[in-house]
Trainee: 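To start, I am sharing the structure in question, which I have written as structure tokens.
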Amino acid sequence: MTAKPTSPFAAAEPGNPLVSVNPADPADVVTEIAAPGAPAAVAAVERARAAQPGWVRAGAAARSAALGAVASAVEAGAAELAALAVRETGKPLAEARAEVARTAAIWRYYAQAPYEPAGTVHETAAGPGLLLTRRRPHGVAGLITPWNFPFAIPAWKAAPALAVGNTVVLKPAPEATACARRLAALVQAAVPEGVFTVVAGGTTEGAAVVSAADVVSFTGSTAAGGTVARAAAARGVPVQAETGGLNAAIVLPDADIGRAAAHIAAALAGYAGQKCTATSRVIAVGTALDPLREALAEALRALPVGDPGDPATVCGPLISGRARDRFGQSLSGVPVLAAGGAVDGPGWYAAPTLAEKVPDGHPLLTEEVFAPVAALLPADDLRHAVRISNAVPYGLVTSVHTAGLEAVLEGLDHLDTGMIRINAPSTGADFHVPFGGTKASGHGPREQGRAVLDFYTSGRTYTLAP
């Protein structure tokens, strides 16, 4: 995600303090620890490697029971976990509660994965014998995760990796250190020693994990994702990297404009736009432009902005002062069509904003700002809208708003994005189906669903001759 204010690879030098603060009240220090350094990260991977044979030999029932126990522990601690996400990452309480519930569901979903078929049986081409295929774990999964989904993203990486017999070393973003360590305590209570480890830190620790793990999964900035992918590929290690989006919402003239505006406002400003699936470009087709402009401006002005601990809040603070500065810089030289409420307080708040008449090449149309801001763009027809949507380096998700599917079905095949959502916000993802994008939005196989089980295993073919 090109323009994230911080990445999972940005933090203190080894031994120096690693500080995580409350974005709604930066004077509130959530946690402060010393960055452990590269040797400690490599040592964690080696401990995980030593634990891995025992973990896979424990069998499907043991692994399934362990993942189910994690799900139950997350459910039992839901209120505490949600409050911690609000405090450490500024996530609005309603979203934090939903994320914790989703986290428990992810662990429970993958608790069934150990019982999935691990291979197939085939006839030989000629003569007696059998051909077998079998999936086996790689060993140690090194996971590099961001701060914006401090429980769900580690869960949707770690749970399938553990289910198929890998052990896990998780390097979370510095801004989500406390969340990661609390999750680790719940997981470690359910699995043998060394099976799941959290290594706090930044660039040094992340690079060390990547240099030692047997399979790597990353979510974060485009620059860091490229570094991870190259480092893993140089070692011949399987790697996947989810690196963000510059997502469009296409609104056709026959759409329910009020409903579309509500969806887009939520996707633009929910969690202050700090989601890789957030809407950052709104493409109005033909006569949809004027009514959408009015409806979207009204929806943004009505959006609850403020204390993330308030259950009614939709847009809370940005993660850092640098993120807020970048938000302000992104609006340089463009007319602001509408802005939502602003908060006068100690936190790093930004008003949800819609800009229009944005010139070609402006950062709003080329970079992911990762803040509650989007550009309104006109299109002559659906084909034109698709061209506009595709004219960016990213291809994560597109939302399309329309009353009928006839014209859209033809246009959808030309959208260069990994996910397309019809009459729904661009944000949101179902964990039981593949998640990922095209172009600069991702590298390697998809995450989530059953598809990710193949990523965390290597295939083998056995020939059994009589």
Trainee: Is there a donor-acceptor pair under 3.5 Å between the side chain of Glu88 and the backbone N or O of Thr177?
Mentor: yes
Trainee: Check whether Lys91 reaches the backbone of Asn148 with its side chain - one donor and one acceptor, N or O, closer than 3.5 Å.
Mentor: yes
Trainee: Tell me whether Thr313 contacts the main-chain N or O of Gly316 through its side chain, where contact means a donor paired with an acceptor under 3.5 Å.
Mentor: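 Such a contact is absent between Thr313 side chain and Gly316 backbone.
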Trainee: Without swapping roles, check the side chain of Asn247 against the backbone of Val397 for a donor-acceptor pair under 3.5 Å.
Mentor: yes
Trainee: Is it the case that Arg450 places NZ or CZ above or below the six-membered ring of Tyr109, under 6.0 angstrom from the centre and within 45 degrees of the axis?
Mentor: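 Output yes; distance and angle both within limits.
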Trainee: Would you please test Tyr271 and Thr427 for side chain to side chain donor-acceptor pair (under 3.5 Å) and show each step?
Mentor: CA-CA 11 Å; Tyr271 192 18; Thr427 50; over 6 Å; no
Trainee: Ignoring hydrogens and geometry, is there a side-chain-to-backbone donor-acceptor pair from Asp307 to Gly309 under 3.5 Å?
Mentor: yes
Trainee: State, with a plain yes or no, whether a side-chain heavy atom of Ile422 is found less than 4.5 Å away from one of His401.
Mentor: no
Trainee: Can you tell me if Asp25 uses its side chain to pair, donor with acceptor, with the backbone of Pro346 under 3.5 Å?
Mentor: no
Trainee: Is the number of heavy atoms from other residues, nucleotides or ligands within 6.0 Å of CZ (Arg181) greater than 12?
Mentor: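 Open.
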Trainee: Could you walk me through whether Thr219 and Thr145 satisfy the side-chain contact (heavy atoms from CB on, under 4.5 Å) test, starting with their C-alpha distance in whole Å, then the side-chain angles of each, then the deciding distance to 0.1 Å, before giving a yes or no?
Mentor: CA-CA 5 Å; Thr219 299; Thr145 58; 5.7 Å; no
Trainee: Check whether any side-chain N or O of Asn390 sits under 3.5 Å from a backbone N or O of His414 as a donor-acceptor pair, and report yes or no.
Mentor: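 Present.
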Trainee: Leu337 versus Thr353: any side-chain heavy-atom pair under 4.5 Å?
Mentor: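 Side-chain contact under 4.5 Å: no.
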Trainee: With a 4.0 Å cut-off on N to O distance, would you call Asp290 and Arg293 a salt bridge?
Mentor: yes
Trainee: Taking the side chain as everything from C-beta on, heavy atoms only, tell me whether Ile283 gets closer than 4.5 Å to Val251.
Mentor: no
Trainee: So, does Gln448 use its side chain to make a donor-acceptor pair with the main chain of Val433 at under 3.5 Å?
Mentor: no
Trainee: Would you mind checking if Arg326 and Glu367 are paired as a salt bridge, meaning a charged N to carboxylate O distance below 4.0 Å?
Mentor: yes
Trainee: How far does NZ of Lys439 sit from OG1 of Thr243, to the nearest 0.5 angstrom?
Mentor: 12.0 Å
Trainee: Is there a donor-acceptor pair under 3.5 Å between the side chain of Asn22 and the backbone N or O of Ala27?
Mentor: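 Pair absent, no side-chain N/O of Asn22 close to backbone of Ala27.
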Trainee: Is the number of heavy atoms from other residues, nucleotides or ligands within 6.0 Å of CD (Glu294) greater than 12?
Mentor: no
Trainee: Quick one, Leu162 with Trp107, criterion side-chain contact (heavy atoms from CB on, under 4.5 Å). Give me CA distance, side-chain angles, the key distance, then yes/no.
Mentor: CA-CA 10 Å; Leu162 293 169; Trp107 285 100; 3.9 Å; yes
Trainee: Can Glu242 and Lys157 be counted as an ion pair, charged N to O under 4.0 angstrom?
Mentor: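 Looking at Lys157 together with Glu242, the answer is no, because their closest N to O distance does not fall below 4.0 Å.
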Trainee: Please examine the side chains of Glu116 and Leu453, heavy atoms only from C-beta on, and report whether any two atoms are closer than 4.5 Å.
Mentor: yes
Trainee: Got Leu170 and Ile144 here, is their nearest side-chain heavy-atom distance under 4.5 Å?
Mentor: no
Trainee: Taking atom CD of Glu298 as the centre, report whether more than 12 heavy atoms of other residues, nucleotides or ligands fall under 6.0 Å from it.
Mentor: no
Trainee: I need the single residue from Ser389, Ser441, Ser280, Cys276 that forms a side chain to side chain contact (heavy atoms under 4.5 Å, CB included) with Leu246. Which is it?
Mentor: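 When side chain to side chain contact (heavy atoms under 4.5 Å, CB included) is applied between Leu246 and each of Ser389, Ser441, Ser280, Cys276, only Ser280 qualifies.
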Trainee: Using side-chain heavy atoms (C-beta onward) and a distance below 4.5 Å, is Val334 in contact with Leu364?
Mentor: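 Yes - at least one pair of side-chain heavy atoms lies under 4.5 Å apart.
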Trainee: Is the closest side-chain heavy-atom distance between Tyr349 and Pro308 below 4.5 Å?
Mentor: yes
Trainee: Is there side-chain contact between Tyr456 and Ser217, with heavy atoms separated by less than 4.5 Å?
Mentor: yes
Trainee: Within the distance-only criterion (no hydrogens, no angle test), does the side chain of Glu99 pair as donor or acceptor with the backbone N or O of Phe151 below 3.5 angstrom?
Mentor: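 Yes, because the side chain of Glu99 sits within donor-acceptor range (under 3.5 Å) of the backbone of Phe151.
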